[in-house]
Amino acid sequence: MTGGTPAAGETLPGAGDEDDDAPERVVCHVDMDCFYASCERLRRSDLNDEPVVVGMGYEPGESIGAVATASYEARAFGVESAMPISKALELLPRRADADPDDPNAPDPEETGRYVPVDLDFYEDVAGEVKAVLRDCADTRREVSIDEAYLDVTDRTAWAVAGDDPDDPPPSGAAGPAEARTLAEGYARYVKDRIEREAGVPASVGVAPNMSAAKVASDADKPDGLVVVPPGSVAEFLAPLPTADVHGVGPVTEETLAELGIETAADLAAADRDRLAEALGERGPALSRRAAGDDDREVTPTGLPKSLSRESALPATADEATKRETVSALAADVARRARERGCLYRTIGIKAVEPPFDVNTRARSLPGPVDDPDLVEEVALDLLAEFDETRVRKLGVRVSKLDFAETDQATLGGFDAAEGDGDGGRPRRGDRAERDDRGDGGKLTDWVGGPPERDGDESGSIADRDRRRTDDGQASLGDWS
DNA sequence: TCTGGGGTCCTAGGACCC
DNA sequence: TCTGGGGTCCTAGGACCC
């Protein structure tokens with residue numbers, strides 16, 4: 001193992017199927033800058049240079065909501081993502097409230113523009129970004145709507161570019177002696193293309209592994225390009241607080257602090273057995289990461305593992321309100337599952353009690369289904385446990401998803417057990433106390449295909465997935 | 001701050017089987 | 001009957017991420 005030594009040339013410690021002579025990887029992390037706000041500016045130039053807050057729940061009469069994205073101008077007022085809207089409005093009143101005739105009105109210079117979230121539009125823009133990324137890298141992992149890892153080892157290299165000694169060193173590089181690498185040039189090219197073709201700014205980090213690339217992209221936001229060549233990774237990470245290590249959240253940060261571990265360097269040097277005691281398996285892994293040692297491959301994004309919907313409400317114990325909410329959430333989750341062509345085998349709810357006690361309950365079915373009525377029924381049944389409980393948030397989730405053929409064969413095999421033993425088939429028919437509902441009936445309702453119309457927008461994700469599973473083994477996560 | 005919404009992964013304990 | 005594993009599946013909760 002490479003242990004705590006942040007040596008430059010560590011290769012996969014035996015685990016990988018990579019040959020040992022593989023070149024040091026070049027991994028880019030592309031992170032769009034305040035993406036939602038940038039998207040809004042793309043179609044509303046009046047928002048340029050203004051403090052922009054994109055969020056939900058700030059309309060008059062609404063009080064439950066949070067900031068999704070704040071532009072950097074808004075961040076200067078202390079507004080941050082995930083902050084309750086009420087708090088954001090205190091720090092930065094909305095422009096519309098700056099009535100010039102009202103002596104108590106806020107100074108317009110200290111107000112912001114509040115815009116509701118329009119996810120469909122952001123997804124369109126993200127599609128253009130992804131088109132660029134597809135063109136720039138064969139191996140990509142899209143982590144979220146505004147973030148992706150690229151493995152561009154086969155497109156570029158860590159070799160030093162050109163021979164111009166006056167070239168400025170890469171911004172995040174270890175020392176002034178660093179020369180510009182080919183990798184930096186390639187990352188610059190990717191970044192510029194995103195800006196040019198999608199119209200939104202990105203920050204890019206380049207490093208020999210994923211976690212260092214991630215930290216690098218964060219190091220000079222917005223509009224940053226930070227390059228951390230092999231050999232300077234540990235040095236680059238060393239001074240950072242542990243919270244900057246990907247995977248260290250508030251709880252872990254606190255635990256580490258109690259062990260006297262404050263920086264990435266401390267974490268890298270810490271005794272890994274002790275870390276394992278305090279944090280479980282995660283501890284040593286975080287330590288390796290902090291040391292610049294992260295051999296995770298950039299693996300393509302897989303199919304989702306679960307789908308959920310949740311909704312906050314003014315804390316209430318009212319049974320009718322809760323049931324209505326859960327019914328609506330259940331319908332929505334079931335609809336989305338059907339749209340994406342996926343079956344589910346587990347149905348669950350979440351009930352959050354004030355102040356913030358999260359309860360989850362789930363029930364698995366004997367086999368995968370697509371059955372909105374059943375989602376509602378099970379969800380309501382699980383909710384019954386909380387009939388007396390005041391809740392501030394409710395959620396419904398389906399999991400144990402199955403994207404394989406939604407066709408007849410699979411379904412037929414469910415209760416007749418005639419399935420061709422394809423792994424996930426029911427081996428235990430007893431589990432669900434599904435009371436009087438004859439499962440067979442429900443399932444076969446649409447055995448010839450979902451009752452819904454299915455021809456529609458071509459090229460939907462669901463379509464692509466299905467095609468994938470059709471042609472060949474296509475394991476999960478294989479769509480590209 | 002009285003904390004939104006949609007995800008992922010991990011762990012621990014119990015049931016059940018061999 | 002007591003004690004001992006190994007393995008899988010399930011649920012619940014926790015931590016984290018964007």
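Chain A is the first sequence line, chain B the second, and so forth, proteins listed ahead of strands; every chain is numbered from 1.
- The residue A:S81 sits apart from the nucleic acid: no heavy atom pair falls under 4.0 Å.
- If you take CZ of A:R392 and C1' of B:dT3, they are 6 Å apart, rounded to a whole angstrom.
- For A:S308, whose side chain is taken as the heavy atoms from C-beta onward, the closest listed nucleotide among C:dC16, B:dG6, C:dC18 is B:dG6.
- In this model, a donor atom of one side chain and an acceptor atom of the other lie less than 3.5 Å apart for A:D146 and A:S144.
- One atom, CD of A:E353, and another, C1' of B:dC2, lie 16 Å apart when rounded to the nearest Å.
- Remark: P of B:dT3 and CG of A:L89 are 13 Å apart, rounded to the nearest angstrom.
- Distance from the side chain of A:A82 is smallest to B:dG4 among B:dG5, B:dG4, B:dT8.
- Counted by atom type alone, A:S81 and A:T69 present zero donor-acceptor pairs between their side chains at under 3.5 Å.
- Applying the side chain to side chain donor-acceptor pair (under 3.5 Å) test to A:E128 and every residue at least two apart in sequence or in another chain returns nothing.
- Using a 3.5 Å distance cut-off with no hydrogens or angles, the side chains of A:T301 and A:R141 do not pair a donor with an acceptor.
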Begin with the C-alpha distance, continue with both residues' side-chain angles, and end with the deciding distance and a verdict on side chain to side chain donor-acceptor pair (under 3.5 Å) for A:R289 and A:S211. CA-CA 7 Å; A:R289 242 176 242 193; A:S211 61; 4.7 Å; no
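- Residue-level contact check: A:E281 touches the backbone only, with heavy atoms under 4.0 Å from sugar-phosphate atoms and none from bases.
- Dashed line: the shortest gap from a side-chain N or O of A:R141 to OP1 or OP2 of B:dT8 is not under 4.0 Å.
- Between A:S287 and A:R272, the side chains place a donor N or O and an acceptor N or O closer than 3.5 Å (distance only, hydrogens not considered).
- Closest to the A:L307 side chain, of the nucleotides B:dG7, B:dC9, C:dT11, is B:dG7.
- For A:D146, counting side-chain heavy atoms from C-beta on, the closest listed nucleotide (C:dT11, B:dC2, C:dC18) is C:dC18.
- Going from atom CZ of A:R335 over to atom CG of A:L307 covers 11.0 Å, rounded to the nearest 0.5 Å.
- Across C:dC17, C:dC9, B:dG4, the shortest atom-to-atom separation from the side chain of A:I64 is found for B:dG4.
- Among B:dG5, C:dC10, C:dC18, the nucleotide with an atom closest to any side-chain atom of A:M56 is B:dG5.
- Among B:dT1, C:dT11, C:dA12, the nucleotide with an atom closest to any side-chain atom of A:R363 is C:dT11.
- Considering only the side chain of A:T360, C:dG13 comes nearest among C:dG13, C:dC16, B:dG5.
- Annotation: proximity of residues 246-267 of chain A to DNA chain B (heavy atom, distance under 4.0 Å) is found for no residue.
- For the pair A:S364 and C:dT11, the criterion of a side-chain N or O lying under 4.0 Å from OP1 or OP2 is met.
- Taken residue by residue, residues 315-331 of chain A places no heavy atom nearer than 4.0 Å to DNA chain B.
- Taking atom CG of residue A:D244 and atom C1' of nucleotide C:dC17, one finds them 14 Å apart after rounding to whole Å.
- Here A:R397 lies in heavy-atom contact (under 4.0 Å) with a base.
- Looking only at atom types and distance, the side chain of A:E73 has a donor-acceptor partner in the side chain of A:S71 under 3.5 Å away.
- Proximity note for A:T346 (side chain, C-beta onward) versus B:dT1, C:dC16, C:dT11: the nearest is C:dT11.
- Judged purely by distance below 3.5 Å, without hydrogens or angles, the side chains of A:R397 and A:S306 pair a donor atom with an acceptor atom.
- OP1 or OP2 of C:dC18 has at least one side-chain nitrogen or oxygen of A:K214 nearer than 4.0 Å.
- Distances from the side chain of A:E147 to the nucleotides C:dA12, C:dC18, B:dG5 place C:dC18 closest.
- Taking atom CD1 on A:I85 and atom C1' on B:dC2, their separation rounds to 15 Å, with Å as the unit.
- Under the 3.5 Å distance criterion, with hydrogens and angles disregarded, no donor-acceptor pair is assigned to the side chains of A:D31 and A:S203.
- Secondary-structure annotation of DNA chain C gives the stems B:5-18 with C:5-18, with a stem taken as at least 3 successive Watson-Crick or G-U pairs whose two distances both fall under 3.5 Å.
- A donor-acceptor pair shorter than 3.5 Å cannot be found between the side chains of A:T242 and A:E253.
- Each ring pair (Phe, Tyr, Trp, His ring centres under 6.0 Å) pair with one or both residues in residues 121-145 of chain A, not counting sequence neighbours, appears once here: A:Y36-A:Y122.
- One interatomic measurement links the two molecules: NZ of A:K305 to C1' of C:dC17, which rounds to 15 Å at whole-angstrom precision.
- Among residues two or more places apart in sequence or in another chain, the side chain to side chain donor-acceptor pair (under 3.5 Å) test is passed with A:D266 by A:T263.
- OP1 or OP2 of C:dC10 lies within a sub-4.0 Å distance of a side-chain N or O belonging to A:R345.
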